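Notes follow the structure.
From a predicted model like this one, the values you see are computed outputs, not experimental measurements.
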Amino acid sequence: RESHPGVSAGLASLNLAVITASFRNGTDAPFATGTTERDLADVVRYFRKMNPDVPFGLVGSSSGGYFALSLCRTLGAKAVDFCVPICPVAHPGRRATYLRSCIAGTAREDGYGDAFHIEEKARRILDTQMGFWVEDAASENAGEALRTPSSVPTLLVLGSVDRNVPFRVTSDVQGWATR
């Protein structure tokens, strides 16, 4: 909602339905509970039930981009017409590895280039991310699940240099995204 109002407004100007939804994340609704994804899926199902003929897609940035990609995979092309993940955390396990590299001060040596987080910010982001995933295996499995193509047309939006979501975190989705 706050990170992509221009995209939402642009889609709405094309007479596409745009719904922005906040989601419970982190320690309020850890991954293992399924609460966050279930809440978001309920929004999609309700909208589709009430508006079966209205073109409808999912847009999300950062963690919201992860949820958009994951929901498209779960619900499929019958429920969702398009997906626009913006700088998505498409592989949470790889992002955790990147953040740990920043914390250790080895991001440059580990191949993340010259744009990376300082230790304090990387630690804060990693703590928030792991508050949701809890275990590394869960974040790794979630990322691996998004490696194969989705049936939903996907427009992947990336920044040229993104300290939050480096190239390696989105590389698999870049390989199959429609554009």
Under 30°, 30 to 60°, or over 60°: which ring-plane class applies to Tyr66 and Trp133, parallel, tilted or perpendicular? perpendicular

List the steps, then state whether side-chain contact (heavy atoms from CB on, under 4.5 Å) holds for Leu58 with Phe82. CA-CA 6 Å; Leu58 299 177; Phe82 61 89; over 6 Å; no

Step through the shown structure and confirm whether more than 12 heavy atoms of other residues, nucleotides or ligands are within 6.0 Å of CD on Glu120. no

Pairs where residues 45-59 contributes a residue and the test side-chain hydrogen bond (donor to acceptor under 3.5 Å, both in side chains) is met, not counting sequence neighbours: Arg48-Asp81

So do Leu156 and Trp176 actually touch side chain to side chain, heavy atoms under 4.5 Å? no

With Asp127, which residues qualify under side-chain hydrogen bond (donor to acceptor under 3.5 Å, both in side chains), at least two apart? none

State whether Tyr98 and Arg168 meet the cation-pi test: NZ (Lys) or CZ (Arg) under 6.0 Å from the six-membered ring centroid, and within 45° of the perpendicular axis. no

Pro85 versus Leu69, closest heavy-atom pair with distance: CG-CD2, 3.8 Å

Can you check whether Cys102's main-chain N or O pairs, donor with acceptor, with Thr106's side chain at less than 3.5 Å? no

Measuring from Ile103:CD1 to Phe116:CZ, what's the distance to the nearest 0.5 Å? 13.0 Å

Can you tell me how far CG of Asp110 sits from OG of Ser101, rounded to the nearest 0.5 angstrom? 3.0 Å

Report yes or no: does Ser62 contribute a side-chain atom to a donor-acceptor pair with the main-chain N or O of Gly64 at less than 3.5 Å? no

In terms of hydrophobic clustering (I, L, V, M, F, W, Y; side-chain heavy atoms under 4.5 Å; direct or indirect links), are Leu40 and Met50 co-clustered? no

When you measure from the side chain of Arg73 to the backbone N and O of Ser151, does any donor-acceptor pair fall under 3.5 Å? no

side-chain hydrogen bond (donor to acceptor under 3.5 Å, both in side chains) partners of residues 82-95, not counting sequence neighbours, each pair once: His91-Glu144, Arg94-Ser171, Arg94-Asp172, Arg95-Gln129

Return yes if some donor-acceptor pair links the side-chain N/O of His117 with the main-chain N/O of Arg163 below 3.5 Å, else return no. yes

Distance in Å, Cys87 SG paired with Asp162 CG, rounded so as to fall on 0.5 Å steps: 4.5 Å

Check side-chain hydrogen bond (donor to acceptor under 3.5 Å, both in side chains) between Arg108 and all other residues, then give those that pass, not counting sequence neighbours. Asp114

Output the rest of the hydrophobic cluster of Ile118: all Ile, Leu, Val, Met, Phe, Trp and Tyr residues reachable through side-chain heavy-atom contacts under 4.5 Å, sorted by chain and number. none

On a heavy-atom basis, the closest approach of Gly57 and Val80 is CA-CG1, 4.0 Å

Please report the closest heavy-atom contact between Val54 and Phe47, naming both atoms and the distance. CG1-CZ, 4.0 Å

Treat each ILVMFWY residue as a node, draw an edge where side-chain heavy atoms are under 4.5 Å apart, and state whether Val169 and Phe167 are in one component. no

Tell me whether Val134 shares a hydrophobic cluster with Val89, the cluster being built from Ile, Leu, Val, Met, Phe, Trp, Tyr side chains joined at under 4.5 Å. no

Where the side chain of Thr128 meets the backbone of Arg124, is there a donor-acceptor pair that is under 3.5 Å apart? yes

Could you report the tightest heavy-atom contact between Gly60 and Ala68, atom names first, then the distance? N-CB, 4.2 Å

Heavy atoms only: give me the nearest Pro88-Val165 pair and the separation to one decimal. O-CG1, 3.0 Å

Interatomic spacing from CD in Glu37 to CG in Leu75 - rounded to 0.5 Å: 8.0 Å

Just wondering, more than 12 heavy atoms not from Glu135 lying within 6.0 Å of its CD? no

Applying salt bridge (charged side-chain N to carboxylate O under 4.0 Å, His left out), can you list everything that pairs with Asp39, at least two apart in sequence or on another chain? Arg24

Is the Phe132 to Phe67 ring centre distance short of 6.0 Å? yes

Shortest non-hydrogen contact from Cys83 toward Val152: N-CG1, 3.9 Å

Any side-chain donor paired with an acceptor under 3.5 Å for Thr178 and Thr154? no

